[in-house]
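Worksheet: the structure to be examined is printed underneath.
Order of appearance sets the numbers: ligands from 1, and atoms from 1 within every ligand. Residue indices begin at 1 and follow the sequence shown.
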Amino acid sequence: MKRILTGLQPTGEITLGNYIGAIKQIVELQEKYDSYIFVADLHSITIPKDPKILRENIRKLLALYLACGIDPNKNTIFIQSENEYHTNVSWMLECNTYFGELSRMTQFKDKSKKNTNFSSGLFTYPVLMAADILIYDVDYVPVGIDQKQHVEIARDIADRFNKKYGKIFKLPDALISEVGTKIMDLQDPYHKMSKSSENQNGVIRLLDNIDLIRKKIMSAVTDSESIVRFDPDNKPGISNLINIYSVFTHKNISEIEEEFNSCNYGDFKKSVADVVINEISKIQNKYDEIMKSNQIDKILDDGIRKTREIAKRKYEAMKLEMGLGR
Ligand code: ATP
Ligand code: LTN
């Protein structure tokens, strides 16, 4: 069985973008792959975090994984920092990664621009991500398009390492979902909807109050043409809503354009809000139940036991080939 792995950062409550770009994909893929999903808490501290909030976010994210349909019987679920081999392996890979290639990462360029005093972790972040992936001999890494470059560098690092030290790693491929790959901010449809966005009105969070979700969709930025037509360059707001509607209804773009061809934007937005709310309210109900139960700890104990064993084997194999230790 082919293996997939992905992780989300506990940087805040997850958004509709994360749900569509990452979680929904895993829920489909878990049926036919050996699936690993984790909470990338070590990645989240590349930008300083309040410890108390971080710990709460880790738990919330895990509960949301389950509430969104990630099945613990079909997935190995764990927290990155509980598996110390990830950082060990990351260091060994870092010593086989060039400064130049990390400097070309667009996410690093964007995030470092926002903060002049950024940590070196922000720079080496893709190497830790490569360790997360390469430890498990993963075939595919389901991610949104913004992470594609990081999966590609993981592949380059693996290939270089294999050529230098012998075949230790499997070369992974990114798996990008076709529809709704990039959900845009509702107030600023030129930028992706992001957990850490400053303007709350453009971002739908899975735990937002249902009335607030409707309000955010109804006030999404559109254009003056008043025709529901998919044209991301000229009509990014409406195209984004079409994308969202398409994901939740499984209708394709031309079917949607036809369905709303004589509707105004208000009617279209109402339909978008209805389908989004229908799905999110089910998730919220499950989330409340999960938070009240103690199932998360049991799942994590199983996950860490299994992943530590796998990671230790890879780490030992790397050490041997690299001449480290006795
Ligand atoms: P941050 O604001 O902290 O950078 P983020 O919302 O961009 O967070 P990540 O934790 O970086 O989210 O990403 C988690 C997963 O969700 C990744 O696979 C990423 O590609 C996907 N993702 C994030 N934002 C979107 C989006 N707007 N549309 C589709 N997929 C997304
Ligand atoms: N960098 C990713 C989170 C992440 C990840 C991974 C995704 C860390 N390690 C390994 C896939 C595979 C992000 O910010 N979304």
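Listed by number with element, the atoms of ligand 1 under 4.0 angstrom from any heavy atom of Gln147 are 20 (O). The ligand atoms of ligand 1 that sit less than 4.0 angstrom from a heavy atom of Gln9 are 10 (O). Counting the atoms of ligand 1 from 1 in the order shown, those under 4.0 Å from a heavy atom of Gly144 are 18 (O), 19 (C), 20 (O). The distance from ligand 1 to the heavy atoms of Ala22 drops below 4.0 Å at these ligand atoms: 15 (C), 16 (O), 18 (O). Within ligand 1, the atoms closer than 4.0 Å to a non-hydrogen atom of Lys192 are 5 (P), 7 (O), 23 (C), 24 (N), 27 (N), numbered from 1 in the order shown. Counting the atoms of ligand 1 from 1 in the order shown, those under 4.0 Å from a heavy atom of Lys111 are 4 (O). In the vicinity of Asn18, heavy-atom distances shorter than 4.0 Å reach the ligand 1 atoms 5 (P), 6 (O), 12 (O), 13 (O), 14 (C), 16 (O), 22 (N), 23 (C), 24 (N).
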| request: Output, in order, the C-alpha distance, side-chain angles, deciding distance and verdict of salt bridge (Lys or Arg N to Asp or Glu O under 4.0 Å) for Arg305 and Glu309. | output: CA-CA 7 Å; Arg305 204 175 307 121; Glu309 248 173 55; over 6 Å; no

| request: Using the side chain to side chain donor-acceptor pair (under 3.5 Å) rule, take Asp41 and Ser44 through it: C-alpha gap first, then chi angles, then the decisive distance, then the call. | output: CA-CA 5 Å; Asp41 55 347; Ser44 74; over 6 Å; no

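Proximity of the aromatic rings of His150 and Phe108 is defined here by a centroid distance below 6.0 angstrom, and this criterion is not met. Ring-centre distance between Phe118 and Phe123: not below the 6.0 Å cut-off.
Between Tyr36 and Tyr136, the ring-plane angle classifies as tilted under the 30° and 60° cut-offs.
Counted by atom type alone, Asn243 and Ser246 present zero donor-acceptor pairs between their side chains at under 3.5 Å.
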Output block, N or O contacts of ligand 2, threshold 3.5 Å exclusive:
from: ligand 2; atom 1: 1 (N); to: Tyr125; atom 2: OH; distance (Å): 2.7
from: ligand 2; atom 1: 1 (N); to: Gln147; atom 2: OE1; distance (Å): 3.2
from: ligand 2; atom 1: 9 (N); to: Asp132; atom 2: OD2; distance (Å): 2.6
from: ligand 2; atom 1: 14 (O); to: Gln9; atom 2: NE2; distance (Å): 2.8
from: ligand 2; atom 1: 14 (O); to: Tyr125; atom 2: OH; distance (Å): 2.7
from: ligand 2; atom 1: 14 (O); to: Gln147; atom 2: NE2; distance (Å): 3.4

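The number of heavy-atom neighbours closer than 6.0 Å to CD of Glu258, taken from other residues, nucleotides and ligands shown, is 12 or below.
At least one heavy atom of Asp146 sits under 4.0 Å from some atom of ligand 1. Heavy-atom distances between Leu8 and ligand 1 reach below 4.0 Å in at least one pair. Using a 4.0 angstrom heavy-atom cutoff, Met184 does not count as in contact with ligand 1.
When heavy-atom distances to ligand 1 are checked against a 4.0 Å cut-off, Thr11 comes that close only through its side chain, counted from C-beta outward.
Not one N or O on the side chain of Glu321 forms a donor-acceptor pair closer than 3.5 Å with the backbone of Gly166.
Contact detail for Leu93 and Met318: the closest heavy-atom pair is CD2-CE, 3.9 Å.
Residue contacts with ligand 1: Lys182 is placed with no nitrogen or oxygen under 3.5 Å of a nitrogen or oxygen of the ligand (distance criterion only). For the pair Pro142 and ligand 1, the shortest N or O to N or O distance does not fall below 3.5 Å. Inclusion of Lys195 in the set of residues having an N or O under 3.5 Å from an N or O of ligand 1 is warranted.
Atom-to-atom distance recorded for Met1:CE and Asp139:CG is 11.5 Å, nearest 0.5 angstrom. A distance of 4.5 Å separates CD1 in Ile133 from CE in Met129, rounded to the nearest 0.5 Å.
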Report all side-chain donor-acceptor pairs from residues 152-161 shorter than 3.5 Å, counting only partners two or more places apart or in another chain.
from: Glu152; atom 1: OE2; to: Lys148; atom 2: NZ; distance (Å): 3.2
from: Arg155; atom 1: NH1; to: Pro172; atom 2: O; distance (Å): 3.1
from: Arg155; atom 1: NH1; to: Asp173; atom 2: OD1; distance (Å): 3.2
from: Asp159; atom 1: OD2; to: Lys163; atom 2: NZ; distance (Å): 2.9
from: Arg160; atom 1: NH1; to: Asn96; atom 2: O; distance (Å): 2.7
from: Arg160; atom 1: NH1; to: Glu101; atom 2: OE2; distance (Å): 2.8
from: Arg160; atom 1: NH2; to: Glu101; atom 2: OE1; distance (Å): 2.9
from: Arg160; atom 1: NH2; to: Glu101; atom 2: OE2; distance (Å): 3.0

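Transitive grouping of hydrophobic side chains (ILVMFWY, heavy atoms separated by less than 4.5 Å) brings Met105 and Phe99 into a common cluster.
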